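All values derive from a computational prediction rather than experimental measurement. Order of appearance sets the numbers: ligands from 1, and atoms from 1 within every ligand.
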Amino acid sequence: MVALTYLAVAVSAIASTVLGAPAPAADSPDFELGGDHLARRQDYTQNYKTGGSVNFSPGSNGYSVTFSGAQDFVVGKGWSKGTSRNITFSGSTTASGGTVLVSIYGWSKNPLVEYYIQEYSNGQGAAQGTKLGSFDSDGSTYDIWHHQQVNQPSISGTTTFWQYISVRRDKRPGGGTVTTQNHFDAWAKAGLKLGSMDYQVLATEGWGNAGGNSKYTLSG
Ligand SMILES: *[C@@H]1O[C@H](CO)[C@@H](O)[C@H](O)[C@H]1NC(C)=O
């Protein structure tokens, strides 16, 4: 996110994850059965706004947001622990002003990394820094960018950290499936290592008097 961004890091629904705790019922609000393991339902809401009008409505499996005259904001929905899950999203984004982007967005710690898999933007969006290469995934080519944020707010306070940014050339505001493992592998090949995964969401971000709207459902 851009320089002035500060992240809301409230995490909910982690109480049932203690090792050794009994498996929650399949209809628990926090878990669902996925294959042969329990996968956490979408339990993380990203909700950061700095100014202007941003009307954000998170739901149990997605979100909608309308915005006008917006300064930096990042809103979305996902999981408090990132994994190499395949994330399928469906919906729409319309941009009428400023910079608007839609990404799989997350963080790792040790090393501290802010990452983007940018699926749509009305300009260059999150792409900045050094371009390290490109690779193909999910029906398009993605360019890999590497950018250092110096003394910027993060999930570990104001500090210096790197951004790993995959930018999809064939933008798809309507959605699709993101094979996140392909990005993690491509980044690793480029020397970009992730640490322990923190939250992972589908997010709509805007800045610079951003105007427009987004509405998505997602699963993963
Ligand atoms: C993601 O999808 C691919 C097929 O495209 C599959 O091979 C892989 O196992 C899936 N990964 C996860 C974590 O479900």
Please determine, by modelled atom types, if Asn213 and Thr66 share a side-chain donor-acceptor pair under 3.5 angstrom. no
Does the side chain of Tyr216 pick up a donor-acceptor pair with the side chain of Thr93 at under 3.5 Å? yes
Ring pair (Phe, Tyr, Trp, His ring centres under 6.0 Å) with Tyr115: which of Tyr105, Trp187, Trp145, Trp162? Trp187
List of N/O pairs, ligand 1 versus protein, all under 3.5 Å?
unit_1   : atom_1 : unit_2 : atom_2 : d
ligand 1 : 2 (O)  : Asn86  : ND2    : 2.3
ligand 1 : 11 (N) : Asn86  : ND2    : 3.1

Who pairs with Tyr142 by ring-ring contact (aromatic ring centres under 6.0 Å, His included), at least two apart in sequence or on another chain? Phe135, His183
Between Tyr164 and Tyr116, ring centroids under 6.0 Å: no
Residues Lys81, Asp198: salt bridge by 4.0 Å N-O rule: no
